[in-house]
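In this chain, numbering begins with 1 at the start of the sequence shown.
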Amino acid sequence: MKQLTKLFLLMLSIAIMQCCASEDPFEEYVTNNSGGTYGGASSSAAFSSNVQLTTFDVSIDKTSTEPSTTATAYLPDGDDSFEATDFATVVAISFDANSATVSAVDGVTVSTDGAHVTVDHGETKGICYQVTGTTTNGSLTISGSKKYEVMLNNAHISNPDSTALNMLSTKRAFLVMADGTTNSLADGSTSKASDQKAALYCKGKLIVCGGSGTLEVTGNYKNAIHSADYIVFYPGTNVYAKSTANHGIKANDGIIINGGIINVEVTAAAAKGLNCESNITVNGGRTTIITTGESAWDSDDEELKGCAAVKCDSVFTINGGEMWLKSTGAGGKGIRADWEAYVNGGTIAILTTGGQHTYNRDTVSPKGMKIGTKGTHGVLSISGGSLMVHTTGSGGEGIESKGTIDINGSNAMVAVASTDDAINSASDMTIAAGNVLAYATGNDGLDANGNLYIKGGTVYAIGSQQPEVAIDANSEGGYKLYLTGGTLVAIGGLESGSSLSQTCYSTSWTPNTWYGLSGGGNTLAFLTPASGGSTLVVSTASTPTLSSGIATTDGTSLWGGMGLSSATWTGGSQASLSAYSGGNGGMGGPGGPGGGMGGMGGHW
């Protein structure tokens, strides 16, 4: 059985070995792959199924077929390769309801107490612990000074008093689910161990190597899965982690998802689906995370904190694969990275449905993505892939960076629908390429608190009624919008005082209507919202033409049905365009405060 797993992983291992030759390879990897399209990633990644921006939902999906949008796999160290060591010495461990049997192997000490098993392989190399059987009052604790393998073979271990699988060796643990098996680990809601951290705990590096089996881990006391070092997920992995008390999957020094099917659900207040004190990198697989807990006051940090599907204290990077993230509680986040985030490939869909929560005069707001903190300068770079964000609760921002935002990939696809600002940066924002939709029903579409540069790409921004605008730069602080290129549609007007090197035109508009825009060699069809700011502004590299009430016949779908690139259309009437210099008003739009997201059909 293990040989089949090894054959499955052989090609991956060969590709990985070339990446593992630096003193601090994980840090080097993050640094070298933080900008531009990541080598090996699919630069035209998109959602494979029909996804509507304002109606899509996220649900746990344990089916085993992995997405094809993968990037080159990465391991922080060559010793993380499953092929590097032959775990040929088998220690067979069999559980039943109240006892366990363990095969005798030279160099491995064993002690049992009912169905609670402790093993120590010391200096013995090549040990594979093969675990089978079921117990509702048992555990497996492993120590040793050499790396080892744990193969779960229809193993179901529940420990009502502490950790179910407790890997206390500081060396690497390779975790494999035997082909065709189902396996489960769980702890109880109370613990006799004061230092218990998870139902599955690993003191060293945890390498989850797949196989075709599945594993479900339930943390009733604290986390479901926790490594004191880093965790690597191989293709073929199928893991479901659930916690009713804290985080789903936690690692101190990094989480790397090279593939696999990973499902996480957490219900505790302020809990995180993936929680890492270092970097999180996604190169493949399908990761689905749902958080339902409310925000909670952290007395240690004296801060109100919400749930997050993904939380890392350093850098978040996605190069390939899919992520489906949902947070329903007050103040919930899709992705929160304290330093930087890089979207180089793959697909991300984020849905938040909770509202704001205020406690002790501290307010936490829901956000699709929050990059950077009050004390650190955030950086968000999008150079490829597809990113969809929908926030429905009060005060919900789509994307926020505490520093800069840079969208620079020609194949990058960004679609955001929010109640507060759709895309917001505390400093400069630059759009040089890609396709960007920023739709806010209660604030600005694009909002930069520094300068906002639009140099290329296709941008569709929608803001609410005055005083909000579709595109806002911090003119009060001496900054402005600089438009020098690209195709632009803005419902709600532009910040007054903008520098418009490319000529802009304005007109009135009709809600829930398809428009066709031609200019600069491009043809774009776009659907207007139910309501928004009064002025419709368009700009292209040459004098544009604009038709309303068209019927589209073809084109490539954009933004969850809000647009079509390279489109052709029939019918409609040509709009009258007037020269435009800035501001929101004067052109008699649809009127009415607020807004809505009606009329968004089609595909992502």
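- Between Thr553 and Thr568, the side chains place a donor N or O and an acceptor N or O closer than 3.5 Å (distance only, hydrogens not considered).
- Side-chain atoms of Thr507 come within 3.5 Å of backbone N or O of Ser576 as a donor-acceptor pair.
- In this structure, the separation between CD1 on Ile431 and CD1 on Ile407 is 4.5 Å, given to the nearest 0.5 Å.
- At distances below 3.5 Å, not a single donor-acceptor pair connects side-chain atoms of Arg286 with backbone N or O atoms of Trp324.
- Within the 4.5 Å cutoff, side-chain heavy atoms of Asn344 are placed close to those of Ser383.
- To the nearest 0.5 Å, atoms CE (Met429) and CG (Leu452) are separated by 5.0 Å.
- Taking CG from Asp472 and CG from Asn424, the interatomic distance works out to 9.0 Å, rounded to the nearest 0.5 Å.
- Checked by atom type and distance alone, the side chain of His247 pairs as donor or acceptor with a backbone atom of Lys272 at under 3.5 Å.
- Without hydrogens or angle criteria, Asn283 side chain to Gly320 main chain gives no donor-acceptor distance under 3.5 Å.
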| field | Candidate pair Ser381 and Asp406, rule side chain to side chain donor-acceptor pair (under 3.5 Å), full reasoning | value | CA-CA 5 Å; Ser381 173; Asp406 184 18; 4.7 Å; no
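- A 4.5 Å side-chain heavy-atom check between Ile335 and Leu325 finds at least one atom pair inside the cut-off.
- The side-chain heavy atoms of Tyr505 and Thr503, taken from C-beta on, include a pair separated by under 4.5 Å.
- Residues forming a side-chain hydrogen bond (donor to acceptor under 3.5 Å, both in side chains) with Ser581 (at least two apart in sequence, or on another chain): none.
- Under a 3.5 Å cut-off, the side chain of Gln356 and the backbone N or O of Ser394 do not form any donor-acceptor pair.
- Tyr580 places a side-chain N or O within 3.5 Å of a backbone atom of Leu494 that can act as its donor or acceptor partner.
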In residues 477-488, what donor-acceptor pairs under 3.5 Å come from side-chain atoms, sequence neighbours left out?
unit_1 : atom_1 : unit_2 : atom_2 : d
Thr484 : OG1    : Ile454 : O      : 3.4

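- With no hydrogens or angles considered, no side-chain donor-acceptor pair links Asn449 and Asn474 at under 3.5 Å.
- Rounding to the nearest 0.5 Å gives a distance of 12.0 Å between CZ of Phe233 and CD1 of Ile261.
- Take Thr430 and apply the side-chain hydrogen bond (donor to acceptor under 3.5 Å, both in side chains) test, not counting sequence neighbours, and it matches no residue.
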| message | Does Leu274 form a side chain to side chain contact (heavy atoms under 4.5 Å, CB included) with Ile257? I'd like the steps, not just the answer. | response | CA-CA 11 Å; Leu274 298 183; Ile257 301 174; 4.1 Å; yes
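- At a threshold of 4.5 Å between non-hydrogen side-chain atoms, the residues Thr63 and Asp61 count as touching.
- A 4.5 Å side-chain heavy-atom check between Thr458 and Asn522 finds every atom pair outside the cut-off.
- Of the possible polar contacts, one joining the Asp421 side chain to the Asp444 backbone as a donor-acceptor pair under 3.5 Å is found.
- Between Leu558 and Leu437, the closest side-chain pair of non-hydrogen atoms is not below 4.5 Å.
- With sequence neighbours excluded, the residues forming a side-chain hydrogen bond (donor to acceptor under 3.5 Å, both in side chains) with Glu265 are Tyr240, listed by chain and number.
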| side chain to side chain donor-acceptor pair (under 3.5 Å) between Thr291 and Ser327, intermediate numbers included | CA-CA 5 Å; Thr291 73; Ser327 185; 2.9 Å; yes
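- A distance-only check finds a donor-acceptor pair linking the side chain of Asp428 to the backbone of Asn451 [under 3.5 Å].
- Counted by atom type alone, Thr391 and Thr352 present zero donor-acceptor pairs between their side chains at under 3.5 Å.
- Side chain of Ser418 to main chain of Asp420: a donor-acceptor pair is present (N/O by atom type, distance under 3.5 Å, no hydrogens or angles).
- For the pair Thr528 (side chain) and Thr513 (backbone), a donor-acceptor distance under 3.5 Å is present.
- Sorted by first and then second residue, the salt bridge (Lys or Arg N to Asp or Glu O under 4.0 Å) pairs with a member in residues 308-317 read Lys311-Asp313, Lys311-Asp338; sequence neighbours excluded.
- With values rounded to the nearest 0.5 angstrom, Phe316 atom CZ is found 13.0 Å from Tyr342 atom OH.
- Taking the side chain as every heavy atom from C-beta outward, Tyr460 and Asn435 never approach each other to under 4.5 Å.
- Qualifying salt bridge (charged side-chain N to carboxylate O under 4.0 Å, His left out) partners for Glu400, counting only residues two or more places apart in sequence or in other chains: Lys367, Lys402.
- Residue Ile256 holds its CD1 atom at 8.5 Å from OG of Ser278, rounded to the nearest 0.5 Å.
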